[in-house]
Colleague: 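Below is a structure I'd like to ask you about.
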Protein chains: 2
Amino acid sequence: MNLKQLADSLNLSQTTVSRALNGYPEVREETRARVLAAAKAAHYAPNSRARRLATGRAMTIGHVIPLTGQTEMVNPIFADFLIGAGEVYGREGYDLLLSMVTDGDTEGAFRQLAANGSVDGIMVQAPQAEDPRIALLQELKMPFLVHGRTGDAKGYSWLDIANVRAFRRATDFLLDLGHTRIALINGQAGFDFAQRRLRGFEEALAARGLAPLPHLVANDAMTESYGYLSAAAMLDGPEPPTAFLASSVIIAIGLRRAAGERGLRLGRDISIICHDDELSYLNNDVGGPDFTATRSSIRAAGRRCAENLIALIHDPEQPPIQELWDVTLTVGRSTGPCPTI
Amino acid sequence: MNLKQLADSLNLSQTTVSRALNGYPEVREETRARVLAAAKAAHYAPNSRARRLATGRAMTIGHVIPLTGQTEMVNPIFADFLIGAGEVYGREGYDLLLSMVTDGDTEGAFRQLAANGSVDGIMVQAPQAEDPRIALLQELKMPFLVHGRTGDAKGYSWLDIANVRAFRRATDFLLDLGHTRIALINGQAGFDFAQRRLRGFEEALAARGLAPLPHLVANDAMTESYGYLSAAAMLDGPEPPTAFLASSVIIAIGLRRAAGERGLRLGRDISIICHDDELSYLNNDVGGPDFTATRSSIRAAGRRCAENLIALIHDPEQPPIQELWDVTLTVGRSTGPCPTI
DNA sequence: GCCTTTGCCCAAAGCGCTTTGGGTTGCCCT
DNA sequence: AGGGCAACCCAAAGCGCTTTGGGCAAAGGC
């Protein structure tokens, strides 16, 4: 069933039927009702390919996930963000086009999306400290929104959490408990968020005349085994930390495993504080929070990013939309005063 | 730059340029080379909306994720599967359309996708024991592939792991170690995979004249806190289990937390065996496997499912493609003989 | 009573591609 | 010389929708 057939069956023109379905005022309410009823009865839905060609809008937003080697962003964070964004897209009538890039040529993928007009906008996740994607998208005149930010963060739209503040606060919390040998188990060094978190960590230490201990700072993709291995190495090495700062709950789980194997009790023998993205399947808040954590829902961020990107698509001339979210610090059972030796 | 402009600039017809770009034989190789060079120089890419309208193919495959309340499938498993499938789609020139359904009306979403022709095929994940989606897709004459299976598993294409066999084997392994009070921390009862795993568990027990203990069987969405809470309740209750069988690594992590809090050492005081989907960020194989586990890569499954679905789209008349994957059992450090009391 | 406005509807022209159904050469064959 | 056949290329007809630019009544203004 297409528009022509529907129009014929109603003895109306395609124009009128199209207008009736799309809510234009030039059609009598009685006619509109008749059209809507017939469309429903016939299970008619306009062909999206034809509609998109005619309107020139793709009604689609692209997410590009790089899958290259070590940098692979295939972490749970991307999934929950996607869910949040997808909710909004669905509500607003947009499709979500997910594109995996295996050959490392993310820029090529962007060019392709722009050239063949298959998306109206692009969501950018996990920017590097210097990220070429932003300049490219500006050059392509493609609306985009960055989750995170990079460089001076001027001239484009983004949404980010206050990473520096969050990690300064978390570090302060540990310092207040008397810890001085604090380890930072961070994400990969190239990412902007990892650099900001390191800065927060450094600032808090500096304020008390301390500095990060090089052997207690680690950077890598945020997996459980990375958390486990770094903690194991640090705990078994000289000058072991009395507290850990972890960039994700996944890492913290690895830390907990290493601690457990060594008979160390969280919150007593060793302290852990982590950043919690409030992932759906890693709820940290059953019967009171387990890990002490700075928290910010990645899913909520996905929702908001989607809303902002759609606003940007509707009016590309508007000034950049920038949002900085503060995080909350929830005290759980994984932190306690520094044990006196 | 569109086809007409490109053709004009080359003093060729749109027909010839289109054929040159799409590899048809009616055009001289010299002409083809000239066209390709010009297209490249002009950064020309055919408009995908127009192409799709003209060819009648969407070159898109739909994944529909239900987000309704408890049944929400937002787990890490869906993400890794998506990655695997997306790799193949990209390679084969297909787009991945991801659709989140928040109002519970998955069937409506399917009807919509079919009616407006925005996808050529649909991937179905995590089927319920009786899943209406399959009959619906058959009725809609929409090519689809099920990851998992349901009912008698006849007449449609699917790819599944041998759940019954896997859990029978895992249970046997624990029985061989002398365990008899074994707990099963399963997924939600409605899912087909959960029912098959229960069956495998029951069969292994029955072969030794045993039966599942009702207070040692749990069903719920596979989160870490669910694992933690069920283990806590069972360990603190009467007749605590000496071994656990968990339907995912995430659950097993929750079990480990509960065990750790109670001072129980894995593989000595308590045994855990789980099913491991080989999630990228929960590598269970660093320095030898940690959890004893039945394993099967969900990402590889995603890849294979995508290949099979594309084959199905290319030839919808072919007989159903059905694949049953066996799993491997890897022995780790989380299992040991039943402690003699 | 005539002209303009308003309300409602239609025919037809795109959107940018693919594909059908020819045309036009030039070459070989009889 | 003329017919047949490749080899190349083109004009034009869709694909199914939206949207422009009217047209035709009935209603309102002088």
Side-chain angles (χ1 to χ4, degrees), chain A residues 1-36 38-39 42-60 93-95 112-120 314, chain B residues 1-36 38-39 42-60 93-95 112-120 314:
Chain A
M1 171 65 78
N2 60 23
L3 184 63
K4 183 166 169 23
Q5 293 163 354
L6 182 62
D8 287 352
S9 79
L10 284 160
N11 283 322
L12 286 171
S13 73
Q14 294 190 41
T15 308
T16 304
V17 175
S18 171
R19 284 183 165 152
L21 294 173
N22 291 313
Y24 283 80
E26 295 94 337
V27 31
R28 205 177 357 164
E29 276 313 316
E30 178 202 322
T31 310
R32 187 192 308 281
R34 204 157 61 90
V35 170
L36 288 174
H43 289 301
Y44 170 78
N47 182 296
S48 66
R49 298 190 293 266
R51 174 195 275 251
R52 283 159 192 203
L53 178 58
T55 59
R57 285 171 304 160
M59 291 308 287
T60 301
Y94 280 83
D95 281 343
Q112 190 69 23
L113 288 176
N116 68 24
S118 45
V119 301
D120 300 316
H314 288 168
Chain B
M1 172 66 80
N2 60 25
L3 185 64
K4 183 166 168 20
Q5 293 164 354
L6 183 63
D8 288 352
S9 79
L10 283 161
N11 282 323
L12 286 171
S13 73
Q14 294 190 41
T15 308
T16 305
V17 175
S18 171
R19 283 182 165 153
L21 293 174
N22 291 314
Y24 284 80
E26 296 93 336
V27 31
R28 208 180 352 168
E29 277 314 315
E30 179 202 322
T31 310
R32 187 191 308 281
R34 203 158 61 90
V35 170
L36 288 173
H43 290 302
Y44 170 78
N47 182 295
S48 65
R49 297 191 293 266
R51 174 195 275 251
R52 283 158 192 202
L53 178 58
T55 58
R57 286 171 304 160
M59 291 308 287
T60 300
Y94 280 82
D95 281 343
Q112 190 69 22
L113 288 177
N116 70 23
S118 46
V119 301
D120 300 316
H314 287 169

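The chains referred to below are lettered A, B, ... by the order of the sequence lines, with proteins before strands, and numbering in each begins at 1. Nothing here was measured: the structure is a model prediction, and the numbers come from that model.
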Colleague: Do any side-chain nitrogens or oxygens of A:Tyr44 fall under 4.0 Å of OP1 or OP2 in D:dG16?
Modeller: no
Colleague: Between A:Met59 and A:Gly93, which heavy-atom pair has the shortest distance, and what is it?
Modeller: CE-O, 3.5 Å
Colleague: Remember a base hit wins even if backbone is also touched, and classify A:Thr15 as base, sugar-phosphate or nothing at under 4.0 Å, heavy atoms.
Modeller: base
Colleague: Rounded to whole Å, please give me the gap between CD in B:Gln5 and P in C:dC15.
Modeller: 10 Å
Colleague: Distance check needed: D:dA7 P versus B:Arg19 CZ, whole Å only.
Modeller: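 One finds 14 Å between P of D:dA7 and CZ of B:Arg19, rounded.
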Colleague: If every non-hydrogen atom of B:Leu3 is compared with every non-hydrogen atom of B:Gln14, which pair is closest and at what distance?
Modeller: CD2-OE1, 3.7 Å
Colleague: Pick from A:Asn22, A:Thr15, A:Leu21: which one makes a side chain to side chain contact (heavy atoms under 4.5 Å, CB included) with A:Ser18?
Modeller: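 Among the candidates, only A:Asn22 passes.
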Colleague: Would you compute the distance between atom OG of B:Ser48 and atom CD of A:Gln112 and round it to the nearest 0.5 angstrom?
Modeller: 9.0 Å
Colleague: Just the rounded figure in Å: distance from P of C:dT18 to CG of B:Asn22.
Modeller: 5 Å
Colleague: Quick one: B:Arg49 CZ to C:dG16 P, roughly how many Å, whole number?
Modeller: 8 Å
Colleague: Name the closest nucleotide to the B:Asn47 side chain, picking from C:dG16, D:dC17, C:dC9.
Modeller: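 Taking heavy atoms from C-beta onward, the closest nucleotide is C:dG16.
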Colleague: Could you please name the option among C:dC10, C:dC17, C:dC15 that lies closest to any side-chain atom of A:Leu53?
Modeller: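 Ranking C:dC10, C:dC17, C:dC15 by closest atom to the A:Leu53 side chain puts C:dC15 first.
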Colleague: Tell me the interatomic distance from A:Glu29, atom CD, to C:dT6, atom P, rounded to whole angstroms.
Modeller: 19 Å
Colleague: Would you mind classifying the nucleic acid contact of A:Thr31 as base, sugar-phosphate or nothing, using non-hydrogen atoms under 4.0 angstrom?
Modeller: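 Touches sugar-phosphate only.
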Colleague: Between B:Ala50 and B:Tyr24, name the one whose nearest nucleotide on DNA chain C is closer to the 5' end.
Modeller: B:Ala50
Colleague: If you only use heavy atoms from C-beta on, which nucleotide in C:dC8, D:dC17, C:dC17 is closest to the side chain of A:Leu3?
Modeller: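 Between C:dC8, D:dC17, C:dC17, the one nearest the side chain of A:Leu3 would be D:dC17.
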Colleague: The side chain of B:Thr16 lies closest to which of these nucleotides: D:dC9, C:dC17, D:dC17?
Modeller: D:dC9
Colleague: Given C:dC17, is OP1 or OP2 found less than 4.0 Å from the side-chain N or O atoms of B:Ser18?
Modeller: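 Answer no for this pair, as no side-chain N or O of B:Ser18 is under 4.0 Å from OP1 or OP2.
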Colleague: Take the protein atom CZ of A:Arg57 and the nucleotide atom C1' of D:dC17, then report the distance between them rounded to whole Å.
Modeller: 13 Å
Colleague: Within the 4.0 Å heavy-atom criterion, would you say A:Asn116 contacts the bases, only the backbone, or no part of the nucleic acid?
Modeller: nothing
Colleague: Can you tell me how far P of C:dG14 sits from CG of B:Asn2, to the nearest Å?
Modeller: 14 Å
Colleague: Can you tell me the distance, in whole Å, between the NZ atom of B:Lys4 and the P atom of D:dA13?
Modeller: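 Spelled out: NZ on B:Lys4 to P on D:dA13 is 15 Å.
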Colleague: Counting only side-chain N and O atoms of B:Arg51, is one of them less than 4.0 Å from OP1 or OP2 of C:dT18?
Modeller: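 Looking at the OP1 and OP2 atoms of C:dT18, one of them is under 4.0 Å from a side-chain N or O of B:Arg51.
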Colleague: Between C:dG16, D:dT18, C:dC9, spot the one nearest the side chain of B:Ala54, thanks.
Modeller: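 The closest nucleotide is C:dG16.
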Colleague: Quick one: do A:Arg52 and A:Asp95 make a salt bridge, cutoff under 4.0 Å?
Modeller: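 A salt bridge links A:Arg52 with A:Asp95.
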Colleague: Quick one: closest heavy-atom pair of A:Ala38 and A:Leu10, and the distance?
Modeller: CB-CD2, 3.7 Å
Colleague: Using a cut-off of strictly less than 4.0 Å, decide whether A:Arg52 has a side-chain nitrogen or oxygen near OP1 or OP2 of D:dC17.
Modeller: no
Colleague: Of all the nucleotides listed (D:dT18, D:dA11, D:dC15), which has the minimum atom distance to the side chain of B:Ser13?
Modeller: D:dA11
